[in-house]
Amino acid sequence: MLESLFDDVRRMNKRQFMYQVLSFGMIVSSALMIWKGLMVVTGSESPIVVVLSGSMEPAFHRGDLLFLTNYPEEPVRVGEIVVFKVEGRDIPIVHRVLKLHEKNNGTVKFLTKGDNNSVDDRGLYAQGQLWLTKKDVVGRARGFLPYVGMVTIYMNEYPKFKFAVLACLAIYVLVHRE
């Protein structure tokens, strides 16, 4: 199967090969432009995230794809679902705002908790941090597609699954070439 793919590539002349490379480059650059455009429109550094745990059940399940916005002029509200990053952790967390702490000078701090968790998130925050601020927020959940992100989870948890997906794509391309 793989040999057949390599044979097809070898049979291409330079012009056909360059056309394939350029087509692939256009697909990749289009995807990047769409992502950057979504970042600008939504105000979020990550406009789409996948829920990685069951901590927000029953509101969101593992594998749900969330659409985020993060407009600076919108105040944080109790009950709102936010996605935040904590110093020292690479993966953002999706939890609900539990409490607000507002000062007279206009600063707002807040506490979060997963709907399915028994305690608040202070144990997840950076050492010595008791509250989150707006700078910690990646975005606020505005919509979701259930379980669409499971493909991402499977690819991360089962590296062999990536190869299976690539093999299926290669077979599809070979079968539907002309």
(Q) Show the nearest heavy-atom pair for residues Val50 and Gly63, with the distance to one decimal. (A)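 Looking at all heavy atoms of both residues, the closest pair is CG1-CA, 4.1 Å.
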Q) Looking at Phe110 and Val137, what are the two nearest heavy atoms and their distance? A)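 Minimum heavy-atom separation between Phe110 and Val137: CZ-CG2, 3.4 Å.
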When you group the ILVMFWY residues by side-chain heavy-atom contacts below 4.5 Å and let the links chain together, are [Y] and [X] in the same group?
| X | Y | result |
| --- | --- | --- |
| Ile91 | Tyr158 | yes |
| Val119 | Val86 | no |
| Val40 | Phe67 | no |
| Tyr71 | Ile48 | no |

Only distances under 3.5 Å count here; give the side-chain donor-acceptor pairs of residues 14-24 to other protein atoms, sequence neighbours excluded, each with its distance to 0.1 Å.
{"unit_1": "Gln16", "atom_1": "OE1", "unit_2": "Asn13", "atom_2": "N", "d": "3.0"}
{"unit_1": "Ser23", "atom_1": "OG", "unit_2": "Tyr19", "atom_2": "O", "d": "2.9"}

Q. Going by the side chain to side chain donor-acceptor pair (under 3.5 Å) test, which pairs reach into residues 102-111, not counting sequence neighbours?
A.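 Applying side chain to side chain donor-acceptor pair (under 3.5 Å) to every pair that reaches into residues 102-111, excluding sequence neighbours, yields Asn105-Thr107.
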(Q) If the test is salt bridge (charged side-chain N to carboxylate O under 4.0 Å, His left out), which one of Lys36, Lys85, Lys135 qualifies with Glu45? (A)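 Checked Lys36, Lys85, Lys135 against Glu45; only one passes salt bridge (charged side-chain N to carboxylate O under 4.0 Å, His left out): Lys85.
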Q. Residues two or more places apart in sequence or in another chain: which of them pass ring pair (Phe, Tyr, Trp, His ring centres under 6.0 Å) with Trp35?
A.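 Here no residue qualifies.
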Q.
Side-chain heavy atoms under 4.5 Å apart, restricted to Ile/Leu/Val/Met/Phe/Trp/Tyr: what other residues fall into the cluster of Val83, or is it alone?
A.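 Direct or chained contacts put Val83 with Val49, Val51, Met56, Phe60, Leu66, Leu68, Ile81, Val94, Val138, Phe144.
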Q. Who else is in the cluster with Met26 when I, L, V, M, F, W and Y are joined by side-chain contacts under 4.5 Å?
A.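 Direct or chained contacts put Met26 with none.
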Q: Count the heavy atoms belonging to other residues, nucleotides or ligands that lie under 6.0 Å from CD of Glu73, then report whether that count exceeds 12.
A: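 Yes, the 6.0 Å shell around CD holds more than 12 heavy atoms from other groups.
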Only counting residues at least two apart or in another chain, list the ones meeting salt bridge (charged side-chain N to carboxylate O under 4.0 Å, His left out) with [X].
| X | value |
| --- | --- |
| Arg77 | none |
| Glu87 | none |
| Lys113 | none |

Test of understanding: with side chain to side chain contact (heavy atoms under 4.5 Å, CB included), list the residues that count as partners of [X], not counting sequence neighbours.
| X | result |
| --- | --- |
| Ser53 | Ser55 |
| Arg142 | Thr69, Glu74, Glu80, Arg140 |
| Asp121 | Phe84, His95, Thr112, Asn117, Leu124, Tyr125 |

Q.
Please check: side-chain N/O of Asp115 versus main-chain N/O of Arg96, any donor-acceptor pairing under 3.5 Å?
A.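 Side chain of Asp115 to backbone of Arg96: no pair is present.
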Q: Let me see the working for Lys134 and Val108 under side chain to side chain contact (heavy atoms under 4.5 Å, CB included), right down to the final yes or no.
A: CA-CA 8 Å; Lys134 278 190 97 165; Val108 176; 5.9 Å; no
Q. With a 4.5 Å heavy-atom cut-off, do Leu111 and Arg122 have their side chains touching?
A.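 They are in contact (side-chain heavy atoms under 4.5 Å apart), so the answer is yes.
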Q) How many angstroms lie between CG in Asp120 and CG in Leu98, if you round to the nearest 0.5 Å? A)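 If we round to the nearest 0.5 Å, Asp120:CG and Leu98:CG are 6.5 Å apart.
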(Q) Assess the residue pair Leu38 and Val41 against the criterion (side chain to side chain contact (heavy atoms under 4.5 Å, CB included)); give the C-alpha distance rounded to whole Å, side-chain angles, the decisive distance to 0.1 Å, and a yes or no. (A) CA-CA 5 Å; Leu38 282 173; Val41 169; 5.6 Å; no
I'd like a table of donor-acceptor pairs (distance under 3.5 Å, sequence neighbours excluded) in which one partner is a side-chain atom from residues 147-154, with atom names and distances.
none

